[in-house]
Colleague: 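Before I ask anything, here is the structure I am working with.
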There are 2 protein chains.
Amino acid sequence: MARRTNEQAEATRAQLLDAAEALFCDKGVASTTLDMIARAAGVTRGAVYWHFKNKAEIFEAVCDRATSPMETMLNTLAAEPGEDPLGSLERQACEILQLIARDARMRAVLEILFRGFDGGPEFAEYLAREEESRRDCRCQIESVLEAAATRGQLPPSVSPAKAAIAVTAFVGGLMHDWVLDGDYDLADMAPYLTRVFFSGLRNT
Amino acid sequence: MARRTNEQAEATRAQLLDAAEALFCDKGVASTTLDMIARAAGVTRGAVYWHFKNKAEIFEAVCDRATSPMETMLNTLAAEPGEDPLGSLERQACEILQLIARDARMRAVLEILFRGFDGGPEFAEYLAREEESRRDCRCQIESVLEAAATRGQLPPSVSPAKAAIAVTAFVGGLMHDWVLDGDYDLADMAPYLTRVFFSGLRNT
DNA sequence: TTATATACATACACGAATGTTTGTAAATTG
DNA sequence: CAATTTACAAACATTCGTGTATGTATATAA
């Protein structure tokens, strides 16, 4: 095979990631073979092993392509103290749901992650980081809720820690259910759903 | 090997299921070998292939052992129309959470299911039934919420369909988060969490 | 322009897990 | 008590995917 130009190499790398994303989503991670990825991208396994070390590295690249915008979004939430913590938390939750609803690539990657798989110890590292970041997320939500509590936005019967559990479960459950088989328009529904939930936080 | 008595055979079958449950939960379904299951049960693969057709059949048996009580619980909800639909729905949600919190076997099986895996097409049939039953669940919840709406328990701005989405997401998210890495006492927390959420449904 | 690194294709070696076949001693049946 | 079935163990064949080694023509650097 002739050597290809630098831009062409980047193109095949992107095609490999696209193919892997689609196959992971369709067949599952463990069930997709490196050969399947190569064929879907129009190359052979040689190209795969040139660009990536193994399947786990492809998986990380596929995920990182999509999950980074979501993490930046969560970080902006923590950086924005605001004078209406509960309101901005509600807005953030709504915006994240709408972000997912609009970005097809993120939906695909979330479908892969939600559907789950077990690829042996190679993937343990990445999945551990994933779980770590989810813990961070809950921590940030809890700190925002503490700010809300000090400003009297939460009734005294609702502790920030318990409220954080509820918020995480609700938003996460919404994402999970919609990504896996939601047949409704999440972007439309998001403000409505978040309003119903947060009204329960404000007055028990 | 000497032939073992009928009761002993049933015992080894149960030991195989116990071993499979623990290994599926610990290592993941795809990463556990039939040989690992056999060794953990103190037998060889011969015994495995005697009692089960393949890994998928073991998986089904492991799951059915735990998920059946939960399904009966959901069915009793639909059979109980009641004169306080929203209240009984809240109670049901709370009881399901407490059921999960108490039954270790169900927690293990739910951990397997939530963690997810892809075992190829062999498992497609069972997972399809699983998804089907979840749809049924949402349907039943929606019908209960319609009964609540006709009795004026829901504000007119909250449609039963949308409320069903929210309820499912909340309870499912709570189960998911707690089973995967919840370090709090769900049985204690359940009444509290459900009250906060359902108060949001009652008054937006 | 020549030398070298690149971007793959091709072929091979290897292990791991599965499914199957055969063997067998004891339990069960009639 | 004989005949047969049972509940496994043990050995075998086979498939499948991975990783790696090698080949090679060309883009790029000097």
Side-chain angles (χ1 to χ4, degrees), chain A residues 1-20 22-24 26-62 117-126, chain B residues 1-20 22-24 26-62 117-126:
Chain A
M1 182 63 184
R3 176 182 177 186
R4 322 195 57 200
T5 188
N6 295 352
E7 305 137 17
Q8 286 176 328
E10 275 305 307
T12 63
R13 188 190 141 94
Q15 285 172 11
L16 284 172
L17 289 180
D18 289 342
L23 286 168
F24 286 167
D26 190 39
K27 310 285 181 186
V29 176
S31 298
T32 60
T33 261
L34 296 183
D35 187 62
M36 296 168 68
I37 297 174
R39 282 179 191 279
V43 290
T44 70
R45 271 173 48 248
V48 173
Y49 277 102
W50 171 256
H51 285 284
F52 306 97
K53 181 187 171 190
N54 50 24
K55 201 202 281 184
E57 203 173 288
I58 301 177
F59 175 76
E60 290 189 29
V62 167
F117 69 101
D118 52 307
E122 320 277 7
F123 297 82
E125 182 192 356
Y126 185 86
Chain B
M1 180 65 181
R3 176 183 178 186
R4 322 196 56 200
T5 188
N6 295 351
E7 306 138 16
Q8 286 176 327
E10 274 306 308
T12 63
R13 187 189 141 94
Q15 285 173 11
L16 284 172
L17 289 180
D18 288 342
L23 286 167
F24 286 168
D26 190 39
K27 310 285 181 187
V29 176
S31 297
T32 63
T33 268
L34 295 184
D35 188 62
M36 296 168 66
I37 296 175
R39 282 179 192 279
V43 290
T44 70
R45 271 172 50 246
V48 174
Y49 277 102
W50 171 254
H51 285 284
F52 306 97
K53 182 187 170 191
N54 50 24
K55 201 200 284 184
E57 203 173 289
I58 302 178
F59 175 75
E60 289 189 28
V62 167
F117 69 102
D118 53 305
E122 322 276 5
F123 296 83
E125 182 192 356
Y126 185 87

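Treat the numbers as computed from the prediction; the structure is a model and nothing was measured. Just so it is clear: chains get the letters A, B, ... in the order the sequence lines come, proteins before strands, and each one is counted from 1.
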Colleague: Starting at atom OH of Y49(B), determine the distance to atom C1' of dA10(D), rounded to an integer number of angstrom.
Modeller: 15 Å

Colleague: Less than 6.0 angstrom separating the ring centers of F117(B) and F24(B), yes or no?
Modeller: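 No; F24(B) has its ring centre 6.0 Å or more from that of F117(B).
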
Colleague: Within this structure, what is the CD1-to-C1' distance between I37(A) and dA9(C), rounded to whole angstrom?
Modeller: 18 Å

Colleague: Look at atom CD of E57(B) and say whether more than 12 heavy atoms of other residues, nucleotides or ligands are closer to it than 6.0 Å.
Modeller: yes

Colleague: Can you confirm whether I58(B) sits close enough to L16(B) that some side-chain heavy atom of one is under 4.5 Å from a side-chain heavy atom of the other?
Modeller: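 Counting from C-beta outward, I58(B) and L16(B) never come under 4.5 Å.
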
Colleague: Taking OP1 and OP2 of dC8(C), is either one under 4.0 Å from a side-chain nitrogen or oxygen of H51(A)?
Modeller: yes

Colleague: Between P on dG23(C) and CH2 on W50(B), what's the gap in Å once rounded to a whole number?
Modeller: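 For the pair W50(B) CH2 and dG23(C) P, the rounded distance is 17 Å.
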
Colleague: Rounding to an integer number of Å, can you tell me how far R45(B) CZ sits from dG19(C) C1'?
Modeller: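 So the CZ-C1' distance, R45(B) to dG19(C), works out to 8 Å.
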
Colleague: Rounded off to whole Å, could you give me the CD-to-P distance for the E7(B) and dT6(D) pair?
Modeller: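 Value for this atom pair: 17 Å.
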
Colleague: Between G46(A) and S31(A), just flag the one whose closest nucleotide in DNA chain D comes earlier from the 5' side.
Modeller: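 The residue whose closest nucleotide sits nearer the 5' end is S31(A).
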
Colleague: Think N6(B) has a side-chain N or O under 4.0 angstrom from the OP1 or OP2 of dT28(C)?
Modeller: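 Affirmative; the distance criterion is met.
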
Colleague: Take atom CG of L34(B) and atom P of dC8(D), then tell me their distance rounded to the nearest Å.
Modeller: 16 Å

Colleague: Contact between V29(A) and K55(A) at the side-chain level, heavy atoms closer than 4.5 Å - yes or no?
Modeller: yes

Colleague: OP1 or OP2 of dC8(D) versus the side-chain N and O atoms of T12(B): is any pair under 4.0 Å?
Modeller: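 Checking T12(B) against dC8(D): at least one side-chain N or O falls below 4.0 Å of OP1 or OP2.
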
Colleague: Using the closest heavy atom to pick a nucleotide of DNA chain C for each, name whichever of T5(B) or M36(B) lands nearer the 5' end.
Modeller: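 Counting from the 5' end, the first nearest nucleotide belongs to M36(B).
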
Colleague: Could you tell me how far apart R39(B) (CZ) and dA9(D) (P) are, to the nearest whole angstrom?
Modeller: 11 Å

Colleague: Base, sugar-phosphate or nothing for T33(B)? Non-hydrogen atoms, less than 4.0 Å.
Modeller: sugar-phosphate

Colleague: Between P on dT18(D) and CD on E122(A), what's the gap in Å once rounded to a whole number?
Modeller: 11 Å

Colleague: Record whether the side chain of R3(B) comes under 3.5 Å of the base of dT5(D) through a donor-acceptor pair of N or O atoms.
Modeller: yes

Colleague: Is any side-chain heavy atom of D118(B) closer than 4.5 Å to one of K27(A)?
Modeller: no

